Amino acid sequence: MTNEPAVSVPVDLGERSYAIDIGSCLLANISDAIGSISPGCRVVVITDTNVNAAHGDNLRSYLTEGGISYAFIEIEAGEKSKSWPVLQTVVDGILGHKLERSDLVLAFGGGVVGDLAGFAASICRRGMRFIQIPTSLLAQVDSSVGGKTGINSDHGKNLVGAFHQPERVIIDLDVLKTLSPREFRAGYAEVVKYGLISYPDFFQWLENNHQDVFAQGLGLVNAIAQSCKAKAEIVAADELEMGKRALLNLGHTFGHALEGYTGYDGSRLVHGEGVAIGMMLAHRFSNRMNLCSVDDVSRVEHHLHAVGLPTNIQQIPGDMPSVDTLMNFIAQDKKVKRGALTFILTKGIGKSYIADDVPPSEVSSFLTDQLNS
Ligand code: NAD
């Protein structure tokens with residue numbers, strides 16, 4: 001059985017270019033994709049406990065049918081797996097299965113698996129090729145595209161990593177059927193992000209069509225394709241984040257600080273929820289700095305509410321953070337240059353920009369107000 005992708009989005013990076021294939025039943029074609037990249041190669045599949053339980057048998061049968069020799073390495077689901085010990089397990093597993101440089105690593109899971117497996121591929125044998133098969137909405141619209149890979153450190157999120165582009169991104173829409181509603185919503189936050197960065201028409205489209213996206217109708221294909229096109233365009237313009245790519249961090253400096261203070265405890269806050277609250281804080285802070293209107297802030301808040309995403313720090317269960325705790329995480333974030341903070345701020349819907357001169361005192365007093373509101 002072969003199934004053509006409904007949409008194929010090119011990521012134009014010269015000799016590192018690749019395609020993002022989006023459609024139904026694409027897992028069934030996996031052996032063809034592997035064969036076209038490295039004929040006769042062996043593969044190691046990195047996956048997590050949840051994805052393996054839901055879709056591992058399917059993938060195993062497609063690989064077997066295609067005559068591909070494979071091994072699986074399973075990690076615990078959750079952000080805490082983006083760690084040194086789990087990285088070591090994955091690297092030892094890849095080397096233990098005696099994969100050579102012509103063989104392939106398959107990242108089969110959400111953003112955690114993609115970031116971890118991609119980083120492992122980048123350092124094994126000084127760089128192995130890998131395919132992203134993202135299974136969460138967040139990974140399909142964001143983390144699987146663009147080549148950022150890595151793990152977290154005790155000092156903060158994603159502080160250890162490498163740029164390492166995949167050979168292909170294969171987005172099979174059918175796998176989303178087993179994703180929990182909470183994780184689907186969290187991924188949707190990154191979809192909204194593209195509209196808010198620089199695609200105002202897309203934000204308006206989401207305001208009008210979010211129900212179809214959540215019902216996984218045709219709107220979902222469009223939302224994923226538009227998100228991938230937006231990300232591909234930004235990455236092609238600035239692969240190594242020397243400039244414009246930083247726009248993709250809208251909401252992330254606040255969001256990463258919130259994830260840090262919860263200790264990456266997914267029962268309290270998952271990444272996309274942190275991004276949703278972070279985008280809201282970025283808009284409120286921009287309004288406070290007289291950059292965008294209160295109507296813009298309300299529009300974003302209304303849409304995030306409409307889909308059930310959190311918009312306030314107080315919605316995170318458990319103890320509230322102190323301002324000092326959040327400021328410490330913000331200072332460790334990689335978007336800090338010479339003491340001034342770099343934030344993605346906005347002049348309105350779809351008018352985000354990089355502000356690299358934000359005084360820490362302004363942020364601290366803003367967060368004090370947010371925590372006391
Ligand atoms: P995740 O990988 O933890 O997946 C979320 C949960 O959904 C997990 O429990 C996972 O097991 C489960 N899951 C995934 N697919 C499933 C499926 N089809 N059916 C059932 N369960 C499924 O988290 P995520 O939200 O996918 O990704 C978040 C991570 O991505 C963070 O670590 C973040 O830093 C990273 N990220 C990276 C980039 C990048 O450019 N590299 C961009 C954005 C986010």
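Please read all numbers here as calculations on a predicted model, not as lab measurements. We count ligands from 1, going down the list as the structure has it; atoms in each ligand are counted the same way.
By the neighbour-count criterion of 12 heavy atoms within 6.0 Å, atom CG of Asn372 is densely surrounded, having more than that number from other residues, nucleotides or ligands. Atom CD of Gln314 has more than 12 heavy atoms from other residues, nucleotides or ligands within 6.0 Å. The number of heavy-atom neighbours closer than 6.0 Å to NE2 of His155, taken from other residues, nucleotides and ligands shown, is 12 or below.
Of all protein heavy atoms, the one closest to atom 16 (C) of ligand 1 is Leu179 CD1, 3.5 Å. Looking from atom 31 (C) of ligand 1 to the surrounding protein, the closest heavy atom is Glu79 OE1, 3.2 Å. Counting protein heavy atoms only, atom 34 (O) of ligand 1 is closest to Lys157 NZ, 2.8 Å. Of the protein's non-hydrogen atoms, the one nearest atom 35 (C) of ligand 1 is Asp115 OD2, 3.4 Å. Remark: minimum distance from atom 26 (O) of ligand 1 to any protein heavy atom is reached at Ser136 OG, 2.5 Å. Of the protein's heavy atoms, Thr178 OG1, 3.5 Å lies nearest to atom 17 (C) of ligand 1. Counting protein heavy atoms only, atom 11 (O) of ligand 1 is closest to Asp48 OD2, 2.6 Å. What sits closest to atom 12 (C) of ligand 1 on the protein, heavy atoms only, is Asn50 ND2, 4.1 Å.
Here the straight-line distance linking atom CG of Asn29 with atom CD1 of Ile170 works out to 8.0 Å at 0.5 Å rounding.
Within the structure, the closest approach of His55 to ligand 1 falls below 4.0 Å when heavy atoms are considered. By the 4.0 Å heavy-atom criterion, Lys231 is counted among the residues contacting ligand 1. By the 4.0 Å heavy-atom criterion, Val175 is counted among the residues contacting ligand 1.
Per-residue contacts place Asn158 under 4.0 angstrom from the following atoms of ligand 1 (heavy atoms of the residue considered): 34 (O). Per-residue contacts place Ala77 under 4.0 angstrom from the following atoms of ligand 1 (heavy atoms of the residue considered): 9 (O), 11 (O). Short contacts between ligand 1 and Lys82, defined as distances under 4.0 Å to a heavy atom of the residue, involve ligand atoms 31 (C), 32 (O), 33 (C), 34 (O), 35 (C).
Between Arg268 and Glu273 the shortest heavy-atom distance is O-OE1, 4.2 Å. Across all their heavy atoms, Ser144 and Pro166 have their closest contact at O-CG, 3.9 Å. Considering every non-hydrogen atom in both Ser136 and Gly110, the closest pair reads OG-CA, 3.5 Å.
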Yes or no on salt bridge (Lys or Arg N to Asp or Glu O under 4.0 Å) for Asp296 and Lys351, after CA distance, side-chain angles and deciding distance? CA-CA 11 Å; Asp296 292 324; Lys351 293 183 189 157; over 6 Å; no
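Ranked by closest heavy atom to atom 1 (P) of ligand 1, the top entry among Val235, Thr135, Val112 is Val112. Among Lys193, Glu183, His252, the residue whose heavy atom lies nearest to atom 6 (C) of ligand 1 is Glu183.
Under 3.5 Å, the side chains of Tyr199 and Glu233 contain a donor-acceptor pair of N or O atoms. Side-chain atoms of His55 and Thr135 form no donor-acceptor pair, as typed in the model, at a separation below 3.5 Å. A donor and an acceptor atom, one from each side chain of Tyr194 and Gln226, are nowhere located under 3.5 Å apart.
Close N/O approach between Arg245 and ligand 1 is not found [any backbone or side-chain N/O within under 3.5 Å]. Considering backbone and side-chain N/O of Asp142, none are found under 3.5 Å from N/O of ligand 1. For a threshold of 3.5 Å applied to N or O pairs, the pair formed by Gly111 and ligand 1 contains at least one separation below that value. For a threshold of 3.5 Å applied to N or O pairs, the pair formed by Lys148 and ligand 1 contains at least one separation below that value. Below 3.5 Å of separation, one finds no N or O of Leu176 facing any N or O of ligand 1.
Within the 6.0 Å centre-distance limit, the rings of His303 and Phe203 are counted as a close aromatic pair. Here the two rings, on Phe72 and Phe108, have centers that are 6.0 Å apart or farther.
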